[in-house]
Amino acid sequence: MIKINDLTFKPFLSETKILEQIKSLSQKIEKDYRDKAPLLICVLKGSFMFTSEIVRNFNFDYEIAFVRVKSYDGTKSASEVKEFYGLDSDLKDRHIIILEDIVETGFTTHYLIGKMESEKPASIEIATLLFKPKQLKYSDLPIKYVGFDISNEFVVGFGLDYNEKGRNLRDIYQLNSDLS
Ligand code: 5GP
Ligand code: MG
């Protein structure tokens with residue numbers, strides 16, 4: 001068990017399991033995109049660890065870009081984007097892969113895809129480390145690669161934060177709803 005501010009979290013996914021799963025996602029992406037020189041878009045801040053681990057396993061041509069989309073406060077999803085910047089790469093005719101730490105309602109990725117489509121990329125697909133399928137509100141999202149389907153519980157670690165804390169944790173922890 002760990003405590004961050006007022007909340008208690010319990011171990012959920014081990015680093016070993018996470019790295020194993022990311023390696024397998026990397027291999028799938030490499031197989032599908034080997035000849036497409038894709039542009040990977042890392043959605044900051046939460047996806048920085050996922051992104052670095054994905055590309056470490058790559059052995060082909062790709063590019064990487066970073067955008068910031070903030071829509072979350074504490075442990076609750078907000079249905080508006082509070083901060084957005086960084087989409088300055090030329091997307092025209094590029095094969096885009098959005099790298100997310102977690103897709104919950106799908107609002108963030110839906111918003112991002114809306115911004116990108118006007119630039120006429122060749123394709124857009126989503127790779128996400130975690131997915132909360134029961135919370136999804138945008139059912140038409142191109143979610144192609146998923147590390148783990150999880151329940152609705154709030155999680156931290158491996159890049160994901162609770163009010164900016166816990167991003168450095170190697171394992172992923174889940175909110176202990178019995179105690180909080
Ligand atoms: P969505 O827009 O799909 O509802 O939520 C996506 C964003 O909300 C993610 O990129 C992430 O920043 C944040 N988020 C959703 N669920 C969780 C969670 O369980 N833990 C943390 N730390 N962030 C989450
Ligand atoms: Mg995020």
Side-chain angles (χ1 to χ4, degrees), residues 1-15 17-18 21-22 25 39-55 64-87 96-117 124-180:
M1 294 276 216
I2 56 159
K3 201 166 182 320
I4 304 177
N5 293 349
D6 51 326
L7 299 180
T8 313
F9 294 85
K10 57 189 173 192
F12 182 52
L13 297 167
S14 70
E15 181 184 29
K17 217 170 148 184
I18 297 166
Q21 191 61 9
I22 296 180
L25 288 185
L39 176 61
L40 308 187
I41 308 262
C42 167
V43 185
L44 294 172
K45 301 176 187 174
S47 303
F48 73 101
M49 280 207 195
F50 177 49
T51 302
S52 72
E53 209 48 51
I54 282 278
V55 302
I64 191 159
F66 297 86
V67 297
R68 168 98 165 110
V69 186
K70 182 176 160 64
S71 63
Y72 223 78
D73 259 333
T75 63
K76 292 276 172 304
S77 187
S79 51
E80 57 169 334
V81 169
K82 304 198 154 145
E83 211 178 302
F84 175 78
Y85 60 78
L87 197 60
I96 311 283
I97 307 171
I98 298 174
L99 295 180
E100 260 290 20
D101 50 353
I102 182 162
V103 174
E104 186 175 29
T105 62
F107 173 73
T108 308
T109 31
H110 169 81
Y111 176 88
L112 197 50
I113 289 174
K115 292 268 180 197
M116 290 173 170
E117 266 171 350
I124 304 179
E125 288 182 331
I126 300 162
T128 187
L129 177 60
L130 305 171
F131 181 37
K132 293 178 174 170
K134 289 198 202 98
Q135 299 285 88
L136 189 68
K137 297 207 177 91
Y138 298 85
S139 50
D140 57 343
L141 287 179
I143 303 174
K144 175 88 178 284
Y145 309 94
V146 175
F148 301 92
D149 276 358
I150 66 168
S151 63
N152 296 346
E153 246 64 65
F154 186 76
V155 292
V156 291
F158 207 86
L160 292 110
D161 72 309
Y162 169 49
N163 283 339
E164 296 303 327
K165 297 209 170 91
R167 295 192 194 276
N168 59 317
L169 297 166
R170 291 170 179 269
D171 306 309
I172 291 178
Y173 294 78
Q174 191 175 53
L175 184 62
N176 193 348
S177 36
D178 316 333
L179 291 179
S180 55

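A quick note: this is a predicted structure, and the numbers were derived from the prediction, not measured. For the numbers below, each heavy atom of this structure counts, side chains included, while hydrogens, waters and symmetry mates do not. In each ligand, atom 1 is the first atom listed, and ligand 1 is the first ligand listed.
Close N/O approach between Tyr162 and ligand 1 is not found [any backbone or side-chain N/O within under 3.5 Å]. Geometrically, ligand 1 and Val155 share a nitrogen or oxygen pair separated by less than 3.5 Å.
Proximity of Lys137 to ligand 1 is not established, as no heavy-atom distance is less than 4.0 Å.
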- Task: Take Phe158 and Ile22, measure what side chain to side chain contact (heavy atoms under 4.5 Å, CB included) needs, and give me the verdict at the end.
- Result: CA-CA 12 Å; Phe158 207 86; Ile22 296 180; 3.7 Å; yes

- Query: Should Phe9 and Leu175 be marked as a side chain to side chain contact (heavy atoms under 4.5 Å, CB included) after you check the CA-CA gap, both sets of side-chain angles, and the distance that decides it?
  - Reply: CA-CA 4 Å; Phe9 294 85; Leu175 184 62; 4.0 Å; yes

- Full working for side chain to side chain contact (heavy atoms under 4.5 Å, CB included) between Val67 and Ile98: CA-CA 10 Å; Val67 297; Ile98 298 174; over 6 Å; no

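Listed for the Lys165 side chain is no donor-acceptor partner under 3.5 Å among the backbone atoms of Arg167.
Each of Val55, Ile41, Ile97 was scored for a side chain to side chain contact (heavy atoms under 4.5 Å, CB included) with Ile64, with one residue passing: Val55. Asn152 pairs with exactly one of Lys132, Gln135, Lys134, Glu104 by the side chain to side chain donor-acceptor pair (under 3.5 Å) rule, that one being Gln135.
When heavy-atom distances to ligand 1 are checked against a 4.0 Å cut-off, Thr109 has no atom that comes that close, whether in backbone or side chain. Counting heavy atoms closer than 4.0 Å to ligand 1, residue Glu100 contributes side-chain atoms (C-beta onward) but none from N, CA, C or O.
The atoms of ligand 1 that sit less than 4.0 Å from any heavy atom of Leu160 are 20 (N), 21 (C), 22 (N), 23 (N). Here is the list of ligand 1 atoms found below 4.0 Å of a heavy atom in Gly106: 1 (P), 3 (O), 4 (O). Ligand 1 places these atoms under 4.0 Å from at least one heavy atom of Thr108: 1 (P), 2 (O), 5 (O), 6 (C), 7 (C). Residue Asp161 has at least one heavy-atom neighbour below 4.0 Å for each of these atoms of ligand 1: 21 (C), 22 (N).
Counting non-hydrogen atoms of neighbouring residues, nucleotides and ligands closer than 6.0 angstrom, the CZ atom of Arg170 reaches no more than 12 such neighbours.
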